[in-house]
Every structure is written in structure tokens, then in C-alpha cells.
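Report on one structure; see the data block that follows.
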Amino acid sequence: MTASLLRVAGLTKRFGGLVAVDQASFDVAPGEIVSVIGPNGAGKTTLFNLICRLYSADAGSVDFDGKNLLAYRADQLAGIGISRTFQNLALFEHGTVVENMLVGMHSRLKSGVLAGAFYWGPCQNEEIEARKEVERIIEFLEIEEIRSQPVSMLSYGLRKRVELGRALGTQPRLLMLDEMVSGMNQEETEDIARFILDLRDEFGIAVLMIEHDMNVVMDISDKVYVLNFGVPIASGTPAEVSSNPAVIDAYLGKSAA
Ligand SMILES: Nc1ncnc2c1ncn2[C@@H]1O[C@H](COP(=O)(O)OP(=O)(O)OP(=O)(O)O)[C@@H](O)[C@H]1O
């Protein structure tokens, strides 16, 4: 049996009378790509926000690498190996590609703000290491040519790639991607799908992603977890889930079945 990196058990969130996530339970193994899918309002973003500690859970547990994740604050997650992108781009618009990536990395650098301001001793070494790491990520994501451009000048697809790069800057073991390819054209989508596979294959990074693009989900996921009205209705390989009658009903409606 593969040890799990992330284990979600019975995770529940209520907003007043609405149960937005109702006893979600699933595992992500090291180096595994797991997609969370479901129709609009199914509870996917709420599930992500629970795992990322933006919301507190009403019931259930989340363990990451054997640690009780619910005991951590959102700002501590990068330090223990979890990184996330957001549905809406969250970049520093006037900064260059390199600057945006460095901002992401500073959350995990150990030197204090004062040392950073004066570029002292250990801080100087960390800064050099951070810049080397940024260069590795830039090469991996094939964005050398735009490294000095302000993010505001870039196409949507390239901005998303920069956001992915920034998330990688914290050297995560689990990367959480929220609708990474929404709004992308086919070529941009295929590029991102390839990068996600390479992240797993080359660096062993596990990926938990919310994704509406079913081609991407079916092509690259090891496992798929399906929510509908907050309730888990299926989990399994892409082939198992796509032939599951409950999933077909949830997406197409019973009348189409
Ligand atoms: N902060 C909140 N307060 C009250 N209700 C909320 C809140 N956040 C989400 N909800 C409700 O919880 C349910 C699940 O929403 P959620 O955004 O998690 O779904 P989703 O699957 O991510 O949807 P989408 O695919 O449209 O992004 C919805 O009915 C939504 O209206």
C-alpha cells in the first residue's frame, strides 16, 4: 500500500443551513495527480479552502505527511511543503516575472526582514540560492524570454505559467492547482498539462487540482474525486469515474441519461 502524503477524512463545512462539503474523504500519495471535479457549486473551492486553512472545518481531519494540518495556519503551509495557485490570478502586476517568483520564495527564506533589508550574511546566501532556484524554474517552464518583462504585459496563458512558477518557488511536495487551464487556448492548455506531468515525473511533486477541463482531467489524473452538492459521489481512475452513472447524471442531468 502506498503511504499517503495528504489524507482527508470526513471533512465537512457548513455555511448556515448549507452543507458545502459533506464528509469528503480521499488520499493523495506522493507523486500522484488527483483531480477534484464536480458541477458548479459542488464544493470544490470550499474543499480547497479547508485544506489550505482559509476556512475552518466543522468536522473531519486533514493530515499532511503525518501532521495534523488543521493545527496549522494558512501562512505556515508553504513552510511544510504545500503550495497553491488561485482561480483568479494572484500576481504582482507591475513586477517582472523574476520579481514575482522571488516574492513567492521569500515566504520560505529563513532570514528576517531586517537582514533582508541590509542583505547581510546568511540572508545573502539565501538570496543567491533563491535566485538560482528561480532560474531553474524559469528554465523548466520555458519562460526565459519573458523573464524581465512586467507581468501586466503578458498573455493570460503566460501569466498562469508565472503563477505556477511562483507556487513552485516554495519547493512544495504538494501543489494545489485551482482551475489552472480555465480561459486558456488549446496550445496553452496542452503546455500546462505537460508541465504538470513533468512536475510529477521529474520532481515527484504530488498535485491536487480542481479542474473543469475534462480532457485535461482524463489525460493526466491518476485519480479523480467527484463532488456534487458537497457530497462525494465517486472516486477512482479517470476511466472508472467517467463511466460511473452517478457522475454522468451529475453532469448531464437524469433526463439526458
Ligand atoms: N463563503 C461562503 N458563504 C456562504 N456560502 C458559500 C461560501 N462559499 C461557498 N458557498 C456556497 O457553497 C457551495 C459550494 O461552493 P464552492 O465555491 O465551493 O463550489 P465549487 O464547486 O468550487 O463551484 P465552482 O465550480 O462554480 O467554482 C455553493 O452553494 C456556494 O454558494
Side-chain angles (χ1 to χ4, degrees), residues 6-28 33-62 64 69-70 72-75 77 82-91 156-157 159-160 163-164 167 174-185 188-189 192-193 196 206-221 223-236 238 241-242 244-254 256:
L6 181 78
R7 169 157 292 172
V8 173
L11 198 61
T12 300
K13 179 69 182 174
R14 296 184 195 92
F15 294 114
L18 175 82
V19 188
V21 174
D22 192 358
Q23 302 199 51
S25 301
F26 62 91
D27 287 79
V28 181
I33 299 175
V34 178
S35 292
V36 179
I37 67 168
N40 290 336
K44 305 178 296 292
T45 305
T46 305
L47 176 65
F48 256 41
N49 286 339
L50 287 168
I51 296 170
C52 290
R53 305 294 298 119
L54 295 177
Y55 292 157
S56 53
D58 292 308
S61 62
V62 184
F64 176 74
L69 203 62
L70 300 186
Y72 286 79
R73 294 190 313 268
D75 63 303
L77 298 195
I82 300 178
S83 186
R84 156 178 199 176
T85 65
F86 286 84
Q87 198 169 340
N88 300 311
L89 282 160
L91 292 169
Y156 183 75
R159 287 166 177 228
K160 288 294 248 187
E163 203 191 0
L164 179 59
L174 175 69
L175 185 60
M176 296 176 63
L177 305 177
D178 194 347
E179 294 196 31
M180 201 61 201
V181 305
S182 81
M184 286 190 182
N185 64 32
E188 291 167 338
T189 300
I192 290 290
I196 296 172
V207 177
L208 178 64
M209 59 182 199
I210 296 176
E211 193 47 74
H212 280 290
D213 185 319
M214 285 304 136
N215 290 329
V216 171
V217 170
M218 296 302 150
D219 282 353
I220 71 172
S221 308
K223 283 189 327 212
V224 182
Y225 188 65
V226 193
L227 291 175
N228 193 25
F229 295 113
V231 179
I233 58 168
S235 69
V241 158
S242 60
N244 183 315
V247 177
I248 296 167
D249 280 353
Y251 273 93
L252 302 178
K254 290 198 189 291

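Quick caveat: nothing in here was measured; it's all calculated off a predicted structure. Remember, it's 1-based here, ligands and their atoms both numbered in the order they're listed.
Results of the side-chain contact (heavy atoms from CB on, under 4.5 Å) test with Leu69 over Val8, Leu50, Ile82 single out Ile82 as the only residue that passes.
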Give the table of side-chain donor-acceptor pairs shorter than 3.5 Å for residues 55-62, with sequence neighbours excluded, one pair per line with atom names and distance.
unit_1, atom_1, unit_2, atom_2, d
Asp58, OD2, Arg14, N, 2.6

Would you list the atom pairs, donor with acceptor, under 3.5 Å between side chains in residues 224-234 and any protein atom, with sequence neighbours excluded?
unit_1, atom_1, unit_2, atom_2, d
Tyr225, OH, Ser25, N, 2.9
Tyr225, OH, Ser25, O, 3.4

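Across Glu188 and Met184, no two heavy atoms sit closer than the pair OE1-CA, 3.4 Å. For the residue pair Ala250 and Pro39, the shortest heavy atom distance occurs at O-CG, 3.5 Å.
Here the side chain of Lys223 pairs a donor or acceptor atom with the backbone of Asp27 at under 3.5 angstrom.
For the pair Tyr55 and ligand 1, a heavy-atom separation below 4.0 Å is found. The shortest separation from a heavy atom of Gly43 to ligand 1 is under 4.0 Å, placing the residue in contact.
Of the candidates Ser182, Pro39, Gly38, Gly41, the one placing a heavy atom closest to atom 23 (O) of ligand 1 is Gly41.
Ligand 1 has a nitrogen or oxygen under 3.5 angstrom from a nitrogen or oxygen of Ala42.
Within the listing of ligand 1, atoms 25 (O) sit less than 4.0 angstrom from a heavy atom of His212. Close contacts between ligand 1 and Leu18 involve ligand atoms 11 (C), 12 (O), 13 (C), 29 (O) [criterion: under 4.0 Å to a heavy atom]. Atoms of ligand 1 lying under 4.0 Å from at least one heavy atom of Thr45, given by number and element, are 17 (O), 18 (O), 20 (P), 22 (O), 27 (O).
Contacts of Asn49 with ligand 1, taken as heavy-atom pairs under 4.0 Å, are absent altogether.
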